[in-house]
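Residue numbers start at 1 and run along the sequence shown.
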Amino acid sequence: MSETPTRPVTAVILVAAGSGQRLGYGMPKAAVPLGGETILMHALRGIVASGVSTQVCVVLPEGDDGLRALCDAFREELADGGPLLTVVDGGPTRADSVRQGIGALMDGIDAVLVHDAARALTPEGVFHRVVDALAAGAEAVIPAVPVVDTVKTVTPTPAGDHAVAPEMVAGTAARENLRAVQTPQGFRAETLRRAHQGAQALEPAEAAAVTDDAMLVEMAGTDVYVVRGSTQSLKITTPLDLIFAEGLLEGPLGARWVEG
């Protein structure tokens, strides 16, 4: 009978530096209320409840004293046990914010999970699947769910047909091979550091095309493995997403651990 692999010493970088403009609250997304608490607090409680991390590094909008105060209060809650909670200011882009988090990691961290605060209701099981894949030997691993919609590639409509529609279908992707990617995305710490160091040499257009940390690792030639995500891990971006999230909290599946 094979032994269970030892889990690496893990830190979570929680990216919470987004402006939240599409939510329309006039405040950073992490500060928006959700079920009686902020989105940030739901995300933090989920990470801590999973028990996978030795350190949680929260990346906040620069100069946001309100969110820092929330983190300070949560740090007091963790005084009797729990991960080290570190807070840093984010940068102008998501990649810059992740690099700020990497720079604040404590010594001895073997693996890093990069998680979006906007996926505040991610079940604990997703965290465990990502960390278990790293323990089993993966250098990079992402959670994902099958794409249920038909996905088509498009091209601009020829000039003479603009009155009909602005775009036309160029092809249909094979849906069985498509996955919608979520967070937390997990990496060996040195793999993530190297990928972000290499990204700093990208031209602005190339950097803008990078949409997640796994893509940086792929560009460096590292295999990225995929584990099962969760439909509860919705990304709260629009007012409709917030309504869905409220429904999850209030409905029969309100507890985040119901669906793993």
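Remark: the backbone N or O of Leu134 is paired with a side-chain donor or acceptor of Arg188 at under 3.5 angstrom. Between the side chain of Thr157 and the backbone N or O of Pro166, at least one donor-acceptor pair lies under 3.5 Å. Looking only at distances, no side-chain donor or acceptor of Thr122 sits under 3.5 Å from a matching main-chain atom of Ser233.
For the atom pair Leu70 CG and Leu44 CG, the distance stands at 9.0 Å (nearest 0.5 Å). In this structure, CD on Gln197 lies 10.0 Å from CG on Leu192, to the nearest 0.5 angstrom. Rounding to the nearest 0.5 Å places CZ of Phe187 at 13.0 Å from OG1 of Thr10. To the nearest 0.5 Å, atom CD1 of residue Ile13 and atom OG of residue Ser53 are 12.0 Å apart. Remark: Thr183 OG1 to Leu113 CG distance equals 9.5 Å, nearest 0.5 Å.
Taking the salt bridge (Lys or Arg N to Asp or Glu O under 4.0 Å) definition, one finds that Arg7 meets it with Asp132, sequence neighbours left out. The side chain to side chain donor-acceptor pair (under 3.5 Å) search around Asp64 returns none, not counting sequence neighbours. The side chain to side chain donor-acceptor pair (under 3.5 Å) check on Thr238 picks up Asp241, with sequence neighbours excluded. Qualifying side-chain contact (heavy atoms from CB on, under 4.5 Å) partners for Ser97, counting only residues two or more places apart in sequence or in other chains: Val15, Ala17, Val59. Every residue two or more places apart in sequence or in another chain that forms a side chain to side chain donor-acceptor pair (under 3.5 Å) with Thr86 is listed here: Gln55. Listed by chain and residue number, nothing satisfies the salt bridge (Lys or Arg N to Asp or Glu O under 4.0 Å) test with Glu167 (two or more places apart in sequence, or in another chain). Qualifying side chain to side chain donor-acceptor pair (under 3.5 Å) partners for Lys235, counting only residues two or more places apart in sequence or in other chains: none. Here Leu34 pairs with Ile39, His42, Leu121, Ile236, Leu242, Ala245, Glu246, Leu249 under the side-chain contact (heavy atoms from CB on, under 4.5 Å) rule; sequence neighbours left out.
The heavy-atom pair separating Leu105 from Ala11 by the smallest distance is CD2-CB, 3.7 Å. Residue Met168 comes nearest to Pro156 through the heavy atom pair CG-O, 4.5 Å, listed as atom of the first residue, atom of the second, then distance. Nearest heavy atom pair, residue Pro83 against residue Val48, reads CG-CG2, 4.0 Å.
Identified under the salt bridge (charged side-chain N to carboxylate O under 4.0 Å, His left out) test for residues 66-79, with sequence neighbours left out: Arg45-Glu77, Arg68-Asp89, Asp72-Arg75.
Other residues sharing a hydrophobic cluster with Val148 under the 4.5 Å side-chain heavy-atom criterion for ILVMFWY residues do not exist; the residue is a singleton. Alongside Val147, the hydrophobic cluster contains Val151, Leu178 (criterion: ILVMFWY side chains under 4.5 Å).
Here the rule is side chain to side chain contact (heavy atoms under 4.5 Å, CB included) with Pro143, and of Arg129, Arg179, Gln182 only Gln182 fits it.
Considering only heavy atoms from C-beta on, Leu67 comes within 4.5 Å of Pro61 through its side chain.
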Can I get a per-line list of side-chain donor-acceptor pairs under 3.5 Å for residues 213-224, giving both atom names and the distance, sequence neighbours left out?
{"unit_1": "Asp213", "atom_1": "OD1", "unit_2": "His196", "atom_2": "NE2", "d": "2.7"}
{"unit_1": "Asp213", "atom_1": "OD2", "unit_2": "Arg94", "atom_2": "NH1", "d": "2.8"}

